[in-house]
J.: 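Could you have a look at this structure, given as structure tokens, before my questions?
Not measured: the values here are computed from a predicted model.
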Amino acid sequence: MSEPIDEHFSRTVQALTPYRGGGNGGGVDLPLLDLFDSQLGSRHIDLVARELGSQGKGFYSIGSSGHEGNAALAAALRPTDPALLHYRSGAFYIERARQVTGTNPLMDMVLGIAAAADEPISGGRHKVFGNAELSIIPLTSTIASHLPRAVGLALGMQRATKLGLPSPWPKDAIVVCGFGDASANHSTALGALNAARHCAYQRLPLPVLFVCEDNGIGISVRTPPGWVSEAHSGAGMKYFSADATDLTSVVPIAAEAANWVRTNRAPAFLHLRMVRLMGHAGSDVESAYRTPTEITADYALDPLVRTASLLVSRGVLTPSEVLERYEAKRTEVRAAAAKAVSRPKLASAKEVMAPLSTSTVDAPFVPVSGTLAQGINQALNWILSSDPGALVFGEDVGRKGGVYGVTRGLHKKFGSARVFDTVLDEQSILGTALGTSLVGFLPIPEIQYLAYVHNALDQIRGEASTMRFFSNDQYRNPMIVRIAGLSYQKGFGGHFHNDNSIAALRDIPGVVIAVPARADDAAAMLHTCAAAARTNGQVCVFLEPIALYHTRDLYEPGDNGWLASSSESAPLGKARIYGSGNDLTIVSFANGIPMSLRVARRLAAQGINARILDLRWISPLPVADLLAHANETGRVLVADETRRTGGVSEAVFTALLDGGYRGALRRVTSEDCFIPLGPAANHVLLSEDAIEKAALDLVTA
């Protein structure tokens with residue numbers, strides 16, 4: 001089925017008046033033909049994507065038609081400038097590939113449409129614009145989620161230069177980050193732009209070029225005319241604007257903007273006015289929200305028609321030569337598509353999940369002493385000392401040393417280039433980690449409270465966790481996200497400082513979740529996370545129980561029973577066992593461990609001998625240890641301080657039952673409730689009394 005825009009191009013070019021003058025019609029150099037070739041390739045990729053989709057052979061049809069002017073942006077940059085692209089960047093991709101010999105961008109793109117296993121970036125897992133050889137970092141289509149990463153990447157490149165560390169990109173490289181006019185309204189985009197302005201205001205080098213490709217509509221919602229320029233032209237950042245449907249406008253402005261960022265090492269905003277052709281995507285019924293007159297009026301702004309008119313008016317090509325190139329490109333793209341659809345697809349769950357695999361890591365261990373907070377501090381000190389690429393940052397972690405003193409002394413010892421405060425924006429904090437990790441750093445960002453991470457969870461779910469998956473492990477973003485959380489914090493609080501909900505983290509594929517209960521485990525587990533991040537590119541969430549930060553005693557005041565007392569390692573997915581009782585296995589973690597140990601002592605006085613299994617790792621769960629100790633006692637009580645619905649105990653039950661455990665099984669949890677202020681919290685949180693009662697019921701049943 002032919003597309004109206006396809007027919008319109010042919011009719012319009014046929015009607016063009018050939019150039020009648022002498023010479024080359026005012027002079028235009030050969031790169032104009034190269035840009036036109038990239039535009040043609042992008043257009044025919046869109047057309048063939050729709051054909052393949054209608055035949056059930058293609059699986060992605062958000063096209064670039066109307067945005068082909070971004071080829072000029074690629075021409076203004078270098079292939080060593082890392083790019084995070086808007087999903088309508090087909091012409092950019094093709095034009096950048098032209099700058100690198102041996103690449104085949106058309107085949108790359110149709111392989112992605114066909115979800116072929118040998119597609120060069122994601123290996124058939126998703127249709128993304130990405131190519132490590134072209135410094136194009138793959139993105140999902142989550143709205144604006146890549147902008148914080150772009151800020152972090154630009155910061156990381158400059159920080160590597162400052163610290164004398166190697167970087168994948170040249171010292172004068174700049175970051176380019178594309179997005180649409182609708183995305184420009186997203187809080188994630190606004191936060192990233194604010195962070196960039198915040199850096200510029202302080203004269204911190206940040207070479208990033210934000211490119212808003214403004215076609216005036218987001219799916220079906222119109223952007224008010226003039227809104228983008230009104231919102232961003234005077235907002236503390238250098239502003240450039242061009243009509244990207246016209247190469248005579250966009251070529252010089254794109255070059256000026258890129259050169260300005262490269263020279264000044266400061267952020268800039270490039271506003272490119274564009275037009276969207278053929279709707280939002282292949283499945284989009286554009287006529288449902290736009291009149292036929294509105295749709296056809298945009299045809300006059302088709303960048304391919306305008307470039308063709310420019311070539312003909314200047315005598316570079318005749319109308320018939322333009323059409324010959326147009327049809328030749330159609331033939332080339334269709335030939336590539338015919339090969340792509342016959343390529344093998346991913347054939348098993350194992351193949352699909354391969355980029356998420358984790359290898360065994362050797363984690364060095366350094367003995368620690370003191371409380372949980374001191375153990376973490378000592379481990380961070382060791383990591384910063386042994387890994388010159390390690391960075392610690394977040395809210396109040398610098399001079400103050402953190403709200404709870406966990407990072408105290410690190411800023412003074414390692415300096416503000418490696419231990420620093422950030423803006424109070426969790427998306428920007430995690431974006432800094434996402435970007436700096438691509439440069440080669442090991443970022444260790446801190447989220448001040450567990451409840452606050454939900455403001456920015458997509459930076460972990462949609463960005464961090466997917467990078468290895470959608471790049472077939474060619475790009476990695478290793479990091480350790482430290483989060484202070486969980487409940488039982490006395491005298492400070494309510495819900496936002498006593499949050500026990502981690503369900504949103506537990507189901508993210510490939511993310512490690514560590515929850516230490518004591519100082520020696522915390523240090524050992526932090527070393528393991530650092531090794532996993534460096535070796536496997538792992539994204540690790542290190543959840544620190546606030547109520548245990550400064551806990552010293554276990555059974556009696558002054559017994560110092562909860563201070564560091566051993567120097568064992570903590571391998572990934574390996575539990576810690578307390579005791580060897582044969583009557584009952586109590587499974588718990590974090591605050592539940594000292595609670596369960598106190599309960600076990602009371603049970604022992606009643607002749608019931610329990611062992612305590614500290615999960616330590618919520619993901620991956622220590623399934624082998626769980627099954628071994630569950631089967632040895634035949635009775636399992638899960639003491640879970642998270643909520644009954646969506647809590648950790650659900651995963652433990654599932655692991656035991658899937659593993660064949662058929663003994664007695666029970667759980668006690670906190671209520672499905674937010675944590676209230678003051679003593680009222682005791683009514684909804686897991687208690688020692690509840691653990692003891694459940695244990696007695698289980699043993700005597």
Side-chain angles (χ1 to χ4, degrees), residues 62 64-74 76-77 83-89 91-92 139 141-148 150-151 154 174-198 200 206 208-247 249-258 260-261 266-277 279-280 289-290 294 297-298 300-303 306 427-428:
I62 294 182
S64 302
S65 294
H67 284 239
E68 291 91 349
N70 57 36
L73 177 62
L77 297 164
L84 298 91
L85 299 179
H86 184 43
Y87 52 62
R88 301 193 191 279
S89 298
F92 182 106
L139 309 173
S141 56
T142 306
I143 300 301
S145 65
H146 58 298
L147 272 74
V151 174
I174 69 172
V175 178
V176 60
C177 178
F179 53 97
D181 51 292
S183 297
N185 296 306
H186 199 281
S187 63
T188 311
L190 297 174
L193 292 168
N194 177 73
R197 290 193 296 268
H198 190 266
L206 196 80
V208 57
L209 178 60
F210 295 104
V211 183
C212 180
E213 300 192 11
D214 180 3
N215 60 34
I217 192 168
I219 305 183
S220 66
V221 180
R222 290 168 172 79
T223 298
W227 167 245
V228 173
S229 59
E230 173 70 20
H232 298 288
S233 61
M237 189 183 302
K238 185 71 173 178
Y239 176 83
F240 298 88
S241 179
D243 179 359
T245 68
D246 178 6
L247 290 183
S249 171
V250 69
V251 166
I253 296 297
E256 182 184 358
W260 189 91
V261 173
F269 191 100
L270 174 58
H271 179 198
L272 298 181
R273 294 182 298 279
M274 294 181 163
V275 62
R276 191 188 76 186
L277 303 173
H280 173 68
Y289 54 87
R290 301 186 76 197
E294 288 175 326
D298 284 343
L301 297 175
D302 183 347
R306 300 194 74 177
Q427 293 183 121
S428 293

J.: Using a cut-off of 6.0 Å, state whether more than 12 heavy atoms not belonging to Glu230 lie near its atom CD.
T.: no
J.: Who pairs with Ala91 by side-chain contact (heavy atoms from CB on, under 4.5 Å), at least two apart in sequence or on another chain?
T.: Ser42, Glu68, Asn70, Ala71
J.: If you round to the nearest 0.5 Å, how far is CG of Leu85 from NE2 of His146?
T.: 8.0 Å
J.: Of the non-hydrogen atoms in Ala258 and Ile174, which two are nearest, and what is the gap between them?
T.: O-CD1, 3.8 Å
J.: What are the two closest heavy atoms between Tyr289 and Glu294, and how far apart are they?
T.: O-OE1, 4.4 Å
J.: Which distance, rounded to the nearest 0.5 Å, do you find between the CG of Leu147 and the CG of Asn194?
T.: 12.5 Å
J.: Hey, what do you get for NE2 (His67) to CG (Asp214), rounding to the nearest 0.5 Å?
T.: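 With rounding to 0.5 Å, NE2 (His67) is 8.5 Å from CG (Asp214).
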J.: Only counting residues at least two apart or in another chain, list the ones meeting ring pair (Phe, Tyr, Trp, His ring centres under 6.0 Å) with His232.
T.: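 Checked His232 against ring pair (Phe, Tyr, Trp, His ring centres under 6.0 Å); matches are Phe269.
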J.: How many angstroms lie between atom CG of Leu84 and atom CZ of Phe179, to the nearest 0.5 angstrom?
T.: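 Rounded to the nearest 0.5 Å, the CG-CZ separation comes out at 11.5 Å.
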J.: Testing the basics here: between Gly218 and Ala182, what is the closest heavy-atom pair and its distance to 0.1 Å?
T.: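 Heavy atoms only, the tightest pair is CA-CB, 3.7 Å.
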J.: Is there side-chain contact between His86 and Val211, with at least one heavy-atom pair below 4.5 Å?
T.: no
J.: Which atoms form the tightest heavy-atom contact between Ala72 and Ala254, and what is the distance?
T.: O-CB, 4.1 Å
J.: If you compare all heavy atoms of Leu190 against all heavy atoms of Ala184, which two are closest, and at what distance to 0.1 Å?
T.: CD2-O, 3.4 Å
J.: Output all residues satisfying salt bridge (charged side-chain N to carboxylate O under 4.0 Å, His left out) with Arg290, sequence neighbours left out; order by chain, then residue number.
T.: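 Salt bridge (charged side-chain N to carboxylate O under 4.0 Å, His left out) list for Arg290, sorted by chain: Glu286, Asp298.
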J.: Less than 4.5 Å apart, any side-chain heavy atom of Arg88 and any of Arg276?
T.: yes
J.: Do the side chains of Arg306 and Asp243 get nearer than 4.5 Å, heavy atoms only?
T.: yes
J.: For residues 235-242, which side-chain N or O atoms pair as donor and acceptor with protein atoms under 3.5 Å away, sequence neighbours left out?
T.:
residue	atom	partner	partner atom	Å
Tyr239	OH	His271	ND1	2.7
Ser241	OG	Arg273	NH1	2.5

J.: My understanding is that only residues two or more places apart in sequence, or in another chain, count here; which of them pass side-chain contact (heavy atoms from CB on, under 4.5 Å) with Ala154?
T.: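 Listed in chain order: Val175, Leu206, Pro207, Val208.
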J.: Looking at CD1 of Ile253 and CD of Glu256, how far apart are the two atoms once the value is rounded to the nearest 0.5 Å?
T.: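 With rounding to 0.5 Å, CD1 (Ile253) is 5.0 Å from CD (Glu256).
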J.: Nearest 0.5 angstrom please: Ser65 OG to Met274 CE, how far?
T.: 12.0 Å
J.: Could you tell me whether the side chain of Phe210 reaches within less than 4.5 Å of the side chain of Val151, counting heavy atoms only?
T.: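 Yes, their side chains come closer than 4.5 Å.
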J.: List the atom of Ala244, the atom of Leu272, and the distance in Å for their closest heavy-atom pair.
T.: CB-CB, 3.9 Å
J.: For the residue pair Val275 and Pro303, establish whether any side-chain heavy-atom pair is separated by less than 4.5 Å.
T.: yes
J.: So which pairs with a foot in residues 176-187 pass side-chain hydrogen bond (donor to acceptor under 3.5 Å, both in side chains), sequence neighbours left out?
T.: Asp181-Thr223, Asn185-Trp227, His186-Thr188
